[in-house]
Amino acid sequence: MTEASSRQSSKPVKRAVIRPLLRWFDRAARDLPWRRTKDPYAIWVSEVMLQQTQVETVRPYYERFLRRFPTVQHLARARLDTVLKLWEGLGYYSRARNLHRAAGQIVARYDGHLPPTGEELVTLPGIGAYTAGAIASIAFGRREPVVDGNVTRLLCRVFRIRTDPKDSATQKEIWRLAQELLPTRRAGDFNQALMELGSEICLPRRPLCAECPLCRVCQARQHDEETVLPLRRARKAIPSYTIAIGVIYNRQGRILIDKRKPEGLLGGLWEFPGGKKEPSESLQKALRREVREELGIQIRVGRLLAVVDHAYSHFRVRLHAFICEHLSGTPRCITCSDVRWVSPASLRRYAFPAANTKIIQALREKDRRRH
DNA sequence: AAGCCGGGGAC
DNA sequence: GTCCCAGGCTT
């Protein structure tokens, strides 16, 4: 069974979403200027202004714009400069240019009336899938879905969608869910309720689940995942580093270890000296360079002891550990916070990162073979 | 699929 | 100050 087919919104699930959501909306809906009109033109203007822009920012612009251009014809006749001036400060000025262009097309092609279907609306400049669905459902009462950032977040949580909402397969699934959930009546209110709940309750970082009418059906909530969903980003190819490290012996058979700075990755842990290999250098050269830079000593790099792969949350490393010999210089901390010569047996008293303990393992096995 | 377009609010 | 937000269009 695929992920998608396991996430059908069955009849009972639909009811458990639609009824509390509409009931909540009836009680909690904000009184917004564009909710007081049924004029498709006014709703269109509001939806375009609301793209990427928050309600309180839009409010004064919307009022001024409709006073100045009360109908599609007024807007179509206006000069672009005038339209842009009214848009000044709202940002994303292509929205204003497209609005103006679309007004011309609506007059020319539709006798000044916005077409009622998403299919037609989406052909107009500046109207994409979201805005087309919003106008069709809110202004014309059609049963068409909307998916914006709020709906995406809400549905990812309610249906516990754990794939990246940006990738197209997930987008498709979210649109399908938004379509399936639509009630036969009040589709426009339902869509607005989804978006309102997303923007007021199902907040990005700290959702107010205690006040949410969908708390009981929310799958993310049931799994304590409401703050980790939706997935923030596609795991962009995590970087991979090649590291050369040295198990450096002195004449007395002791091994050199250094302590990492207290802050940052693996802070305060002990490790074998070494570091990242640059693309242009060999592992051996990288190791000699790193040890010189970190501790100010010269070494001779001997045979390869072990190769260890290790994955951190943000990157991967491949460690190449070499048996080395101390040649000259007294080790001193340049980029670490402590440094020590220790006997092989006492390595176990120091805290090492997991990747380093694998190297200690290899070291023990080598010594066992020698004895 | 990835980058661009602007401003605002949270922290 | 920095991080996060996000629809439509272009490449």
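Computed from a predicted model, the values in this text were never measured in an experiment. Lettering of chains follows the sequences in order, A, B, ..., and the numbering in each one begins at 1.
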Working for side chain to side chain donor-acceptor pair (under 3.5 Å), residues A:T82 and A:R68: CA-CA 10 Å; A:T82 315; A:R68 184 65 179 272; 5.0 Å; no
Pick one: which of A:R288, A:R300, A:R251, A:R303 meets salt bridge (Lys or Arg N to Asp or Glu O under 4.0 Å) with A:E325? A:R300
Between A:L90 and A:R205, just flag the one whose closest nucleotide in DNA chain B comes earlier from the 5' side. A:L90
Judged by nearest nucleotide, the residue sitting upstream toward the 5' end of DNA chain B, A:Y61 or A:R206, is A:Y61
Between A:R35 and A:E196, does any side-chain N to carboxylate O distance fall below 4.0 Å? yes
Which atom pairs link the protein and nucleotides 9-11 of chain C when you take only N or O atoms and keep those under 3.5 Å?
residue	atom	partner	partner atom	Å
C:dC9	OP1	A:G126	N	2.4

Salt bridge (charged side-chain N to carboxylate O under 4.0 Å, His left out) filter on A:R64, not counting sequence neighbours, yields none
For the hydrophobic clusters of this structure (ILVMFWY residues joined by side-chain heavy atoms under 4.5 Å, transitively), does one cluster hold both A:V217 and A:L22? yes
Closest nucleotide of DNA chain C for A:P204 versus for A:A132: which of these residues is on the 5' side? A:P204
For A:E365, look at atom CD and say whether over 12 heavy atoms of other residues, nucleotides or ligands are found less than 6.0 Å away. yes
DNA chain B-proximal residues of residues 147-158 of chain A, any heavy atom under 4.0 Å: none
Counting only side-chain nitrogens and oxygens, does A:S168 get under 4.0 Å of the OP1 or OP2 atom of B:dA1? yes
Sugar-phosphate, base or nothing in reach of A:Y130, heavy atoms under 4.0 Å: sugar-phosphate
Heavy atoms under 4.0 Å, any strand shown: does A:Q54 hit a base, just sugar-phosphate, or nothing? sugar-phosphate
Parallel, tilted or perpendicular, as decided by the 30° and 60° cut-offs, for the rings of A:W44 and A:Y41: perpendicular
Just say parallel, tilted or perpendicular for the rings of A:W34 and A:Y62, cut-offs at 30° and 60°. perpendicular
